[in-house]
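Just below is one structure, and these are the notes that go with it.
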Protein chains: 2
Amino acid sequence: MKTTRALRFFLLLQIATLALHSSDVFAAGSNPSYWSPTAKNALTVAFVISDDADVIDMAGPWEVFQDVVVKKELGYRLYTVAESKAPVRLSSGLMVIPDFSFEDAPTPQLVVVGKQGGEGPSPTLRDWVRKMNAEQHTLMSVCTGAFVLADAGLLDGKPATTHHNAYKGFAKMFPRVKLEKGKRWVQSDPMIYTSGGLTSGIDLALHMVEMHYGRLVATETAAYLEHEGAGWKR
Amino acid sequence: MKTTRALRFFLLLQIATLALHSSDVFAAGSNPSYWSPTAKNALTVAFVISDDADVIDMAGPWEVFQDVVVKKELGYRLYTVAESKAPVRLSSGLMVIPDFSFEDAPTPQLVVVGKQGGEGPSPTLRDWVRKMNAEQHTLMSVCTGAFVLADAGLLDGKPATTHHNAYKGFAKMFPRVKLEKGKRWVQSDPMIYTSGGLTSGIDLALHMVEMHYGRLVATETAAYLEHEGAGWKR
């Protein structure tokens with residue numbers, strides 16, 4: 001009885017909703033070699049985390065990218081990266097084990113940098129972000145993640161945005177960056193994008209999806225997410 | 001030089017944006033006794049997780065609750081709870097260490113249940129959810145987390161909603177639940193709420209904030225989040 005019921009539950013759930021969106025490409029366990037062959041053509045996205053890094057700065061874009069389905073295959077593969085693989089506590093204590101350190105992270109096509117904790121970017125993070133930029137991988141900041149990109153000198157002379165509460169501090173600290181206020185996101189240069197605070201990272205991620213896979217896939221993803229904002233379309 | 005620069009960065013960042021919203025109540029480490037005295041009057045929220053549990057079902061409400069500030073104190077304290085304290089991989093592989101197991105979790109005022117992985121709710125989860133309900137703690141589901149509450153028999157004869165792709169499967173599996181379609185969230189009974197898919201959990205969480213702390217605090221939280229939807233106001 002129990003088994004039948006569980007199986008029926010499982011099957012219905014999978015059939016009804018989740019066949020394409022379940023993340024069975026990632027098996028449980030601590031081994032990060034969990035990328036399925038079904039995602040072999042997927043774009044790789046690295047999420048920078050640290051103690052006190054903001055949860056939704058990471059989780060908003062994470063959810064967007066994981067939900068992208070292109071011709072029945074997943075559009076992205078995702079990993080977290082930090083100073084080391086020791087567990088970190090994201091904002092309000094969410095305890096996450098990073099998949100990789102900056103030393104051994106596989107090459108990403110896209111790097112997501114949200115608000116980080118600590119006393120400003122570490123030399124390791126600064127160097128890694130500069131390296132990613134030098135190798136022409138796309139960088140996107142969410143919220144005060146823009147401070148990390150600006151600190152690395154990558155936004156000098158370029159337009160950028162950040163969380164609305166941080167406008168004043170950002171402008172004072174990085175006078176050479178052309179701060180744009182009231183925007184969901186701003187394209188800073190061909191390979192760098194910055195978004196506003198917190199939930200605006202969802203819109204920038206959807207814009208990335210549109211760039212990579214087109215308007216239809218982005219629209220389907222937004223609908224799947226039941227995302228009500230239209231800020232990604234700008 | 002280095003120290004001065006880092007300190008300046010840190011101070012500006014904290015002063016500009018994050019003084020009230022940083023989560024320094026939670027120190028890094030594996031000991032879950034990290035709740036600060038500043039949050040002593042806060043409401044406790046438990047987030048149920050498991051392998052393949054959906055990231056934003058958890059992270060959306062997590063971010064909402066963590067950002068609630070009432071008279072310069074945090075409005076909520078948050079923890080994750082699972083079958084055991086062994087690391088789990090949430091959707092697309094995000095590796096999280098649960099703070100508590102169902103056996104040792106502290107009493108919450110509110111329980112958030114998003115989409116869980118596996119072959120339907122385990123007997124342990126089913127029992128725990130029923131216990132939380134019997135003890136009159138509020139339950140809220142996000143996305144197909146409604147399947148967990150329905151499976152526990154808590155939604156029979158009551159209105160509820162879930163992810164739009166799951167309507168058909170949900171109606172077939174739980175014919176006694178009054179499925180409501182096209183809603184951001186539905187109040188099922190005085191102590192149970194169900195939301196639609198994924199991002200709609202943000203709106204239900206904001207509604208909870210309004211119930212607990214009033215419209216002004218909820219409005220301030222939504223503004224801080226740069227959340228564009230108005231679905232929480234219904």
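First the proteins, then the strands, lettered A, B, ... as listed; each starts at 1.
Contact annotation for A/Ile202: only side-chain heavy atoms (C-beta onward) come within less than 4.5 Å of a heavy atom of chain B. B/Ala230 touches chain A through its backbone: at least one of N, CA, C or O sits under 4.5 Å from a heavy atom, while the side chain does not. Heavy-atom distances place the backbone of A/Ala223, and not its side chain, under 4.5 Å from chain B.
The candidate from A/Glu228, A/Met58, A/Glu226 with the greatest count of non-hydrogen atom pairs under 4.5 Å with chain B is A/Glu226. Interface summary for chain B: among A/Cys143, A/Pro98, A/Gly197, A/Gly229, the most heavy-atom pairs under 4.5 angstrom belong to A/Gly197. When each of B/Val55, B/Thr162, B/Asp57 is checked for heavy-atom pairs under 4.5 Å with chain A, B/Val55 comes out on top. When each of A/Val64, A/Leu198, A/Val96 is checked for heavy-atom pairs under 4.5 Å with chain B, A/Leu198 comes out on top.
Qualifying side chain to side chain donor-acceptor pair (under 3.5 Å) partners for A/Ser84, counting only residues two or more places apart in sequence or in other chains: none.
Side chain of A/Asp156 to backbone of A/Arg176: no donor-acceptor contact under 3.5 angstrom is found.
Here the CG-CG distance, from A/Leu90 to A/Asp54, works out to 8.5 Å after rounding to the nearest 0.5 Å. Between atom OG1 of residue B/Thr219 and atom CG of residue B/Leu206 there is a gap of 9.0 Å, rounded to the nearest 0.5 Å. Annotation: the span from A/Tyr167 atom OH to A/Leu179 atom CG amounts to 7.0 Å, rounded to 0.5 Å.
Side-chain contact, B/Glu180 with B/Thr161: no donor N or O sits under 3.5 Å from an acceptor N or O.
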